[in-house]
Novice: 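One structure follows; several queries about it will come next.
Chain letters run A, B, ... following the sequence lines, proteins first and then strands; every chain starts at 1. The structure displayed is predicted, hence computed values, not measured ones.
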Amino acid sequence: MRVSRLMLVTLRDDPSEADIPSHKLLIRAGYIRRVASGIYAYLPLMWRVLQKVSRVVREEMDGTGALETLLPQLQPAELWQRSGRWAGYTAGEGIMFHLEDRQGREMGLGPTHEEVITYLAADLLRSYRQLPVNLYQIQSKFRDEIRPRFGLMRGREFIMKDAYSFHANEESLRQTYASMDSAYRRIFARCGLRAVAVEADSGAIGGSASQEFMVTAEAGEDLILASSDWSYAANQERAVSLAAEPIALPGGPRARGQGEPFATPGQSTIDDLCAGHGIEPCQTVKVLVLLACFEDESAQPLLVSLRGDQQLNEVKLTNAVTARCSEEHGALLDISPIDKEAVASEGLLPFPFGFTGPHLDDGLLAGSDHWNKRFLRLADSTAAELSSFVCGANSLDSHLIGAAWGSLCPCPESLDLRAAQPGDRCQHDPSQQLQASRGIEVGHIFQLGRKYSEALEARFTNEAGTEEALWMGCYGIGVSRLAQAAVEQHHDGNGICWPVSIAPFEVIVVAANWAETEQSSLSEQLYRSLQEAGVDVLLDDRSERAGVKFKDADLIGIPWRVVVGRGAADGMVELVERSSCSKRDLPATELLEALLPSLAIQRMGLSV
RNA sequence: CGGGGCGUGGCGCAGCUUGGUAGCGCGGGUGCUUUGGGAGCACUAGGUCGCAGGUUCGAAUCCUGUCGCCCCGACCA
């Protein structure tokens, strides 16, 4: 390809719409253009990058025996209703674009394809003899993100590779999951990305085990907590850790564990309370009053007890509430704090906000119009383990000191609800501390189990001749996000430094002065011989000044530059490597033998 | 949705406080000179200042509404 024919439009200034380096560079270098919020056009250079990434993905997926397919993006609501996800994905903060067709039938634009693929599996998979199978596709996904961001990082339309596997038993699922894990590591390495695998929450997709692949980068949206040797790494929403040991409350339980009231006028926060009375936050139990809203329009008040120095992990809480209530009430749509206004509009007497204790009585809910009349009571284990503590007295301007579970009130169900923090001791090795780093999630693999196959009645006949639900896994890679993540990891002050394996072109031949016949004809000759050698080569045949061409070549990030300049008369050219800036002069006749071996190695990406 | 910010030639911005009919840099076109790190000079085209109302003799500027975009939180490949 010739640069003069490439519709290359580069920008000198950073675009105002972008903040992070990769987003700025992709726009400046003429790779993408925004069409609407979170919706981008992939210009010819970008499309070549995406095709190269896709090729790596295909090769590795095909290598595991997976089958490429293409599923509809327009999907009937019915399938989503059967899996129980329609309401969660369309109501409230749901992310599915949805519409009605001319007959009034509801449809959704696919944000993911578990429903469709399971529907097909139900139709096609009948016997254990057909299993396991793993189907994948590379196509655009649609998600009405609450906040699109950072160009291709979080778009509302983006390219994803999604795969779904079906198995006769859990062991087979684990094997495919493991082979996807290693395929993913090869894919990211081949694309030149430094990526790490971290434990993850399964989120709305559901299922049991799940692992995310993170490209480490400052601009990453996710917080990773990892031990210093990286033997443990997890997304913060999933991470577990050991909380600091509590300091025992002097005096232990008082008033037979009921706690002694003391006046705490206006001290409605942990900080105020502790500062006013010489108490440590870890000696207190704070009680969060929340409301969970469900698909069936029911609402469940929650009373969550946490040790005062700990923070709630909302993902863990959401999972806990879902596990306890979704069977009866459908999808959990939202959890939010209950405030004064909500209490009043529900026709209830005021709650003692700021002075709430875990013994708050269900009687407060008796007059409720819509809410469940009993609190769902949960406690983080750090709170449950306190032998005596300070907590709200459930009346204004008063707390209790020396309260104990059992005497004050029964200890609520105890589970892990706290957010792990950087600096916490690791569970697997208390001598190590968790450290924070940021990451861009480029892949996610799940063991789904039988959630979808049961909902959509995807069954097969096993060896014993009886029917059972298929075991499923699903495996995603954000292809367009991966491409931008590569820029985030590979750029410098002059522009992008693409890894050879996913660069739109591998080599650019730059004639310093196209008007000089010696330079232009030697350039043409090298261009042809590189093409014949199977190299993806770009020829800058523009009659721009050399400086402009060098700047553009650096900006768009072609890994190798061959400069045909003053030495052309003597048959000499200059070979420049973009990433290292290393330069060497050599006879044009030796270019191929100098370049091809390096290219052959670089095309394979990082060594795994 | 809550909080913050921004919409002015293709791109990046100034002008707005204190209303008087739009300017700078880059980019585009033509010509001459230049030619290895975003050239110089000259000429030139291109904007009803997001949109709709209102105030005013007069609005890019003041007021109201509305739309769009970006940033911080929940969502996720």
Novice: Is it true that A:R561 and A:D554 make a salt bridge, defined as a side-chain N closer than 4.0 Å to a carboxylate O?
Specialist: yes

Novice: Which is true for A:F150 with a 4.0 Å heavy-atom rule: it touches a base, it touches only sugar-phosphate, or it touches nothing?
Specialist: sugar-phosphate

Novice: With a 4.0 Å cut-off on heavy atoms, is A:G443 in touch with a base, just the backbone sugar-phosphate, or nothing at all?
Specialist: sugar-phosphate

Novice: Reckon A:G151 touches a base, only the sugar-phosphate, or nothing at all at heavy-atom distances under 4.0 Å?
Specialist: nothing

Novice: With both distances kept under 3.5 Å, what pairs with B:C62, Watson-Crick or G-U wobble?
Specialist: B:G54

Novice: Provide, to the nearest angstrom, the distance between the CE atom belonging to A:M153 and the P atom belonging to B:C75.
Specialist: 19 Å

Novice: Looking only at the side chain of A:M160 (C-beta and beyond, no hydrogens), which of the listed nucleotides B:G38, B:C75, B:A77 gets closest?
Specialist: B:A77

Novice: Which letters describe nucleotides 22-27 of chain B, given B = protein heavy atom under 4.0 Å from base, S = only from sugar-phosphate, - = neither?
Specialist: ---BSS

Novice: For B:A39, give its Watson-Crick or G-U wobble partner with both distances under 3.5 Å, or none.
Specialist: B:U33

Novice: May I ask you to verify if any side-chain N or O of A:R143 is less than 4.0 angstrom from the OP1 or OP2 atom of B:C76?
Specialist: no

Novice: Assess whether atom CD of A:E314 is packed by more than 12 heavy atoms of other residues, nucleotides or ligands within 6.0 Å.
Specialist: no

Novice: With a 4.0 Å cut-off on N to O distance, would you call A:D162 and A:K141 a salt bridge?
Specialist: yes

Novice: By the 4.0 Å heavy-atom rule, please label A:R33 as base, sugar-phosphate, or nothing.
Specialist: nothing

Novice: Which of the following nucleotides, B:G38, B:G36, B:A77, is nearest to the side chain of A:E145?
Specialist: B:A77

Novice: Can you list, by residue number, the residues of residues 537-546 of chain A that have a non-hydrogen atom closer than 4.0 angstrom to RNA chain B?
Specialist: A:R545, A:A546

Novice: Considering only side-chain heavy atoms of A:V548, which listed nucleotide, B:G38, B:G36, B:G12, is closest?
Specialist: B:G38

Novice: Looking only at atom C1', what distance separates B:C51 and B:G25, rounded to whole Å?
Specialist: 28 Å

Novice: To the nearest angstrom, how far is A:L11 atom CG from B:G10 atom C1'?
Specialist: 9 Å

Novice: Would you say whether A:F158 stacks on B:A77? The test is a distance between ring centres of less than 5.5 Å and an angle between planes of less than 30°.
Specialist: yes

Novice: Could you tell me which nucleotide pairs with B:G10 by Watson-Crick or G-U wobble geometry, both distances under 3.5 Å, or answer none if nothing does?
Specialist: B:C26

Novice: Using purine N1 to pyrimidine N3 plus N6-O4 or O6-N4 for Watson-Crick, or N1-O2 and O6-N3 for G-U wobble, each under 3.5 Å, what pairs with B:G73?
Specialist: B:C1

Novice: Side chains of A:S54 and A:K161: does their closest heavy-atom pair fall under 4.5 Å?
Specialist: no

Novice: Both A:P148 and A:D14 contact RNA chain B. Taking the nearest nucleotide for each, which residue is further toward the 5' end?
Specialist: A:D14

Novice: A:D222 CG to B:G73 P: how many Å, rounded?
Specialist: 12 Å

Novice: Can you measure A:I95 atom CD1 to B:A77 atom C1' for me and round it to whole angstrom units?
Specialist: 10 Å

Novice: What's the gap between B:C72 and B:C43 when it is taken at their P atoms, as a whole Å value?
Specialist: 46 Å

Novice: Tell me the interatomic distance from A:E237, atom CD, to B:C75, atom P, rounded to whole angstroms.
Specialist: 7 Å

Novice: Look at all strands and tell whether A:V9 reaches a base, only sugar-phosphate, or nothing, counting heavy atoms closer than 4.0 Å.
Specialist: nothing

Novice: Side-chain polar contacts of residues 480-491 of chain A - donor-acceptor pairs under 3.5 angstrom, sequence neighbours left out - could you list them?
Specialist:
{"from": "A:S480", "atom 1": "OG", "to": "A:I159", "atom 2": "N", "distance (Å)": "3.0"}
{"from": "A:R481", "atom 1": "NE", "to": "A:M153", "atom 2": "O", "distance (Å)": "2.7"}
{"from": "A:R481", "atom 1": "NH1", "to": "A:E441", "atom 2": "O", "distance (Å)": "2.7"}
{"from": "A:R481", "atom 1": "NH2", "to": "A:M153", "atom 2": "O", "distance (Å)": "2.9"}
{"from": "A:Q484", "atom 1": "OE1", "to": "A:L152", "atom 2": "N", "distance (Å)": "2.7"}
{"from": "A:Q484", "atom 1": "OE1", "to": "A:M153", "atom 2": "N", "distance (Å)": "3.4"}
{"from": "A:Q484", "atom 1": "NE2", "to": "A:S22", "atom 2": "OG", "distance (Å)": "2.9"}
{"from": "A:Q484", "atom 1": "NE2", "to": "A:F150", "atom 2": "O", "distance (Å)": "3.0"}
{"from": "A:E488", "atom 1": "OE1", "to": "A:S22", "atom 2": "N", "distance (Å)": "3.0"}
{"from": "A:E488", "atom 1": "OE1", "to": "A:S22", "atom 2": "OG", "distance (Å)": "2.4"}
{"from": "A:Q489", "atom 1": "OE1", "to": "A:R194", "atom 2": "N", "distance (Å)": "2.9"}
{"from": "A:Q489", "atom 1": "NE2", "to": "A:R194", "atom 2": "O", "distance (Å)": "3.0"}
{"from": "A:Q489", "atom 1": "NE2", "to": "A:T216", "atom 2": "O", "distance (Å)": "3.2"}
{"from": "A:H490", "atom 1": "NE2", "to": "A:G192", "atom 2": "O", "distance (Å)": "2.7"}
{"from": "A:H491", "atom 1": "ND1", "to": "A:V487", "atom 2": "O", "distance (Å)": "2.9"}
{"from": "A:H491", "atom 1": "ND1", "to": "A:E488", "atom 2": "O", "distance (Å)": "3.2"}

Novice: Suppose you measure atom C1' in B:C11 against the same atom in B:G54; what distance do you get, rounded to whole Å?
Specialist: 34 Å

Novice: Over how many whole Å does the gap from A:I146 atom CD1 to B:G73 atom P extend?
Specialist: 13 Å

Novice: Touch check for A:D19, heavy atoms < 4.0 angstrom, all strands: base, sugar-phosphate only, or nothing?
Specialist: sugar-phosphate

Novice: Between B:C26 and B:G40, how far apart are the two P atoms, rounded to whole Å?
Specialist: 7 Å

Novice: Nearest whole angstrom, please: distance from the P of B:C76 to the CG of A:N235.
Specialist: 11 Å

Novice: Over how many whole Å does the gap from A:L332 atom CG to B:C75 atom P extend?
Specialist: 11 Å

Novice: Are A:E199 and A:R238 ion-paired here, with the side-chain N under 4.0 Å from a carboxylate O?
Specialist: yes

Novice: Parallel, tilted or perpendicular: which describes the rings of A:H23 and A:Y40, with under 30° parallel and over 60° perpendicular?
Specialist: perpendicular

Novice: Using the C1' atom on both, measure B:G50 against B:C41 and round to a whole Å.
Specialist: 38 Å

Novice: I want to check one thing: is the phosphate of B:C72, taken as OP1 and OP2, less than 4.0 Å away from some side-chain N or O of A:R147?
Specialist: yes

Novice: If you measure from the Lys or Arg side-chain nitrogens to the Asp or Glu carboxylate oxygens, is any gap between A:K451 and A:E114 under 4.0 Å?
Specialist: no

Novice: With C1' as the reference atom in both, quote the distance from B:C16 to B:G28 in angstrom, rounded to an integer.
Specialist: 30 Å

Novice: Whether A:E574 and A:R566 form a salt bridge (side-chain N of Lys/Arg under 4.0 Å from carboxylate O of Asp/Glu) is what I want to check.
Specialist: no

Novice: Looking at B:C11, I'd like to know if its phosphate oxygens (OP1 or OP2) sit under 4.0 Å from a side-chain N or O belonging to A:R34.
Specialist: no

Novice: Could you please name the option among B:G12, B:A77, B:G37 that lies closest to any side-chain atom of A:K583?
Specialist: B:G37

Novice: Taking B:G58 as the reference, what is the distance to B:U48 when you measure between their C1' atoms (whole Å, please)?
Specialist: 16 Å

Novice: Taking the side chain of A:R149 as its heavy atoms from C-beta onward, which of B:A77, B:G36, B:C72 lies nearest to it?
Specialist: B:C72

Novice: For A:Y177 and A:Y475, take the angle between the two ring planes, folded into 0 to 90°, and tell me which bin it lands in: parallel under 30, tilted 30 to 60, perpendicular over 60.
Specialist: tilted

Novice: Using 4.0 Å as the upper bound for N to carboxylate O, is an ion pair formed by A:D201 and A:K316?
Specialist: no

Novice: Determine the contact category for A:D554: base if any of its heavy atoms lies under 4.0 Å from a base atom, sugar-phosphate if only primed atoms, P, OP1 or OP2 are that close, otherwise nothing.
Specialist: base

Novice: What integer number of Å spans the P atoms of B:G27 and B:G12?
Specialist: 15 Å

Novice: Look at all strands and tell whether A:R156 reaches a base, only sugar-phosphate, or nothing, counting heavy atoms closer than 4.0 Å.
Specialist: nothing

Novice: Does a side-chain N or O of A:S37 approach OP1 or OP2 of B:C70 to a distance below 4.0 Å, or not?
Specialist: yes

Novice: So do A:I477 and A:V442 actually touch side chain to side chain, heavy atoms under 4.5 Å?
Specialist: no

Novice: For A:S480, which contact category applies under a 4.0 Å heavy-atom criterion: base, sugar-phosphate, or nothing?
Specialist: nothing

Novice: Could you tell me if A:T90 and A:H98 have a donor-acceptor pair between their side chains, going purely by distance under 3.5 Å?
Specialist: no

Novice: With sugar-phosphate meaning primed atoms plus P, OP1 and OP2, does A:E212 contact a base, only sugar-phosphate, or nothing at under 4.0 Å between heavy atoms?
Specialist: nothing

